[in-house]
Structures are given as C-alpha cells and as structure tokens.
Amino acid sequence: AFRNAKDDDFLAGAEDGSVIAGVSGVWNDSKLKAIWGDDVGATKLPTYTVAGKQVQMASFTGYKLMGVNAYSKNPEWAAKLADWMTNEQNQTVRFEMNGQGPSNTKAADSDAVKASPSIQAVIAQSEFGKLQRVGNSYWDACKTFGNTMAAGNPNHVKLQELMDNLVSGITKSAAG
C-alpha cells in the first residue's frame, strides 16, 4: 500500500515499522540511518508503465549556493564566511552530520561520500532530474493540490477548477 506522508510522518513510520520503504531525499539520510542502521539503502526513482511504455520518474535537482554581495559593508568578512562554510573540512562535517553531499570537490571525492547509498542514488537519478528553478509559490500551490488529491478530493471540486487553482497559485508570484 502507498500513503502520502510528510517527512515527520514518514520518519515516525520508519521508526514504528509501519513504513518499510519510501521516496525521500538526502535531507533524511542521517535520520534514517539512525532508525534502520546498516539496513538503510537508496536507489534512483523507479520507472512505471504508461500506455505500454516504461517511463522513468523524474525529480528536481538543486544545489546550495553561497554568494557574497560585492556591495556589502564588509565584503572581506562575507568572503571569509563563504570560504569557511565551503571549505573541505566543513563540507566533510556537513556530510558526516546530515548525509548531504558536499559541494567542495575535495570533500566530495572522499571514500565515505563515494560509499554513501543516498549520494550514489542522487547521482544515478541526476540524469533524470530537472534543475529546480521554482520558488515557494510553486511548492505552496502543489502542496494544496497534492493534499487535496491525496485525500480523494473530499469537497468534490471539479478537476478543471483544481488545475486552474494550481496554475494560478504557481504563477501568481512569478508575474508580480
């Protein structure tokens, strides 16, 4: 059986045994390792069949960006902070603490990163991912739509109206 679950519910289900597998992201890597230990694994998203053809599930990909404003009152300190946050040691600690892939190339080249099932799954999925270029208006509108659909559309809103509301929610901030 499948169910729609927020991260907290997904993790609680992993802990109580009611969830044995799920679609999540590297942000839950360290929490799942704490729950499942050596039994934790990861892989790219699966394919599914549509009209007799196998279709690969896609995903968003993204990255964290550290920028320094050249017009800052303290650009030297801002650059030092950016250097410190992205150095090999701190990116290694970030990976060790929460399982997220380091952006520092030396840290990313470590044996531990190469052995991480979650990071390897992200790499395997990356060819099917689309660069995330969306803001909160996208996520908020999709959350409302997704929750309505996952609940079986309890208010019986016409599908076209649901779709129109989704598009309106996504584009309202983009236009203004």
Do the side chains of Val19 and Arg3 get nearer than 4.5 Å, heavy atoms only? yes
How far apart are the C-alpha atoms of Gln125 and Gln56, what are their side-chain angles, what is the distance that settles it, and do they pass the side chain to side chain contact (heavy atoms under 4.5 Å, CB included) test? CA-CA 10 Å; Gln125 180 65 30; Gln56 173 63 53; 3.7 Å; yes
Any donor-acceptor pair under 3.5 Å from Asn28 side chain to Leu32 backbone: no
Do Ser72 and Asn74 pair up side chain to side chain, a donor and an acceptor below 3.5 Å, judged on atom types alone? no
Heavy-atom distance under 4.5 Å between the side chains of Val40 and Pro117, does that happen here? no
Would you compute the distance between atom CH2 of Trp36 and atom NZ of Lys31 and round it to the nearest 0.5 angstrom? 13.5 Å
Which heavy-atom pair separates Ile119 from Gly99 by the least distance, and what is that distance? CD1-O, 3.5 Å
Could you check whether any side-chain heavy atom of Lys130 comes within less than 4.5 Å of a side-chain heavy atom of Thr61, counting everything from C-beta outward? no
CG (Asp111) with more than 12 external heavy atoms under 6.0 Å: no
Measure the CG-CG distance between Asp164 and Leu159 for me, rounded to the nearest 0.5 Å. 9.5 Å
How about Trp139: does its CH2 atom have over 12 heavy atoms from other parts shown lying under 6.0 Å from it? yes
Tell me whether the count of non-hydrogen atoms from other residues, nucleotides or ligands lying under 6.0 Å of NZ in Lys33 goes above 12. yes
Indicate, with yes or no, if Leu45 and Val55 share a hydrophobic cluster defined by side-chain heavy-atom contacts under 4.5 Å among Ile, Leu, Val, Met, Phe, Trp and Tyr. yes
Between Asp109 and Lys114, does any NZ, NE, NH1 or NH2 come within less than 4.0 Å of an OD or OE carboxylate oxygen? yes
Step-by-step side chain to side chain contact (heavy atoms under 4.5 Å, CB included) determination, Leu162 to Met149: CA-CA 9 Å; Leu162 288 173; Met149 297 306 288; 3.9 Å; yes
Following the transitive rule for hydrophobic clusters with a side-chain heavy-atom cut-off under 4.5 Å over Ile, Leu, Val, Met, Phe, Trp and Tyr, establish whether Trp27 and Phe10 coincide in one cluster. no
Roughly how far, to the nearest 0.5 Å, is the CD atom of Gln100 from the OG atom of Ser30? 8.5 Å
Taken to the nearest 0.5 Å, the spacing of Asn155 CG from Glu161 CD works out to 10.5 Å
Close side-chain approach of Phe128 and Ser59, heavy atoms under 4.5 Å: no
How long is the straight-line distance from CZ of Phe95 back to OG of Ser103, given to the nearest 0.5 Å? 13.0 Å
Please name the residue in the list Arg94, Gln89, Glu88 that meets the side chain to side chain contact (heavy atoms under 4.5 Å, CB included) test with Thr92. Glu88
Check the pair Asn98, Asp29 against side chain to side chain contact (heavy atoms under 4.5 Å, CB included), reporting the backbone distance first and the verdict last. CA-CA 7 Å; Asn98 62 28; Asp29 183 77; over 6 Å; no
How would you list, by chain and number, every residue that makes a side-chain contact (heavy atoms from CB on, under 4.5 Å) with Asn90, sequence neighbours excluded? Trp84, Asn87
Does atom CG (Leu131) have a neighbourhood of more than 12 heavy atoms from anything else shown, all under 6.0 Å? yes
With no hydrogens and no angle check, just 3.5 Å: does a side-chain donor-acceptor pair link Gln91 and Thr86? no
Treat each ILVMFWY residue as a node, draw an edge where side-chain heavy atoms are under 4.5 Å apart, and state whether Phe60 and Leu166 are in one component. yes
Taking the side chain as everything from C-beta on, heavy atoms only, tell me whether Thr148 gets closer than 4.5 Å to Val157. no
Could you tell me which non-hydrogen atom of Asn69 sits nearest to which non-hydrogen atom of Pro75, and how far apart they are? O-CB, 4.3 Å
Joint cluster assignment, Val23 & Met57, ILVMFWY side-chain distance < 4.5 Å: yes
Under a 4.5 Å cut-off applied to non-hydrogen side-chain atoms, are Asp9 and Lys6 in contact? yes
Does any part of the side chain of Ile170, heavy atoms only, come nearer than 4.5 Å to the side chain of Cys142, both counted from C-beta? yes
As a quick check of understanding, evaluate side chain to side chain contact (heavy atoms under 4.5 Å, CB included) for Ser116 and Val113, giving each step before the final call. CA-CA 5 Å; Ser116 167; Val113 171; 5.6 Å; no
Nearest-0.5 Å distance, CG of residue Asn165 to CD of residue Gln160: 10.0 Å
Taking the side chain from Ser126 and the backbone from Ile123, do they hold a donor-acceptor pair closer than 3.5 Å? yes
With heavy-atom distances below 4.5 Å as the criterion, would you say the side chains of Lys44 and Val122 are in contact? no
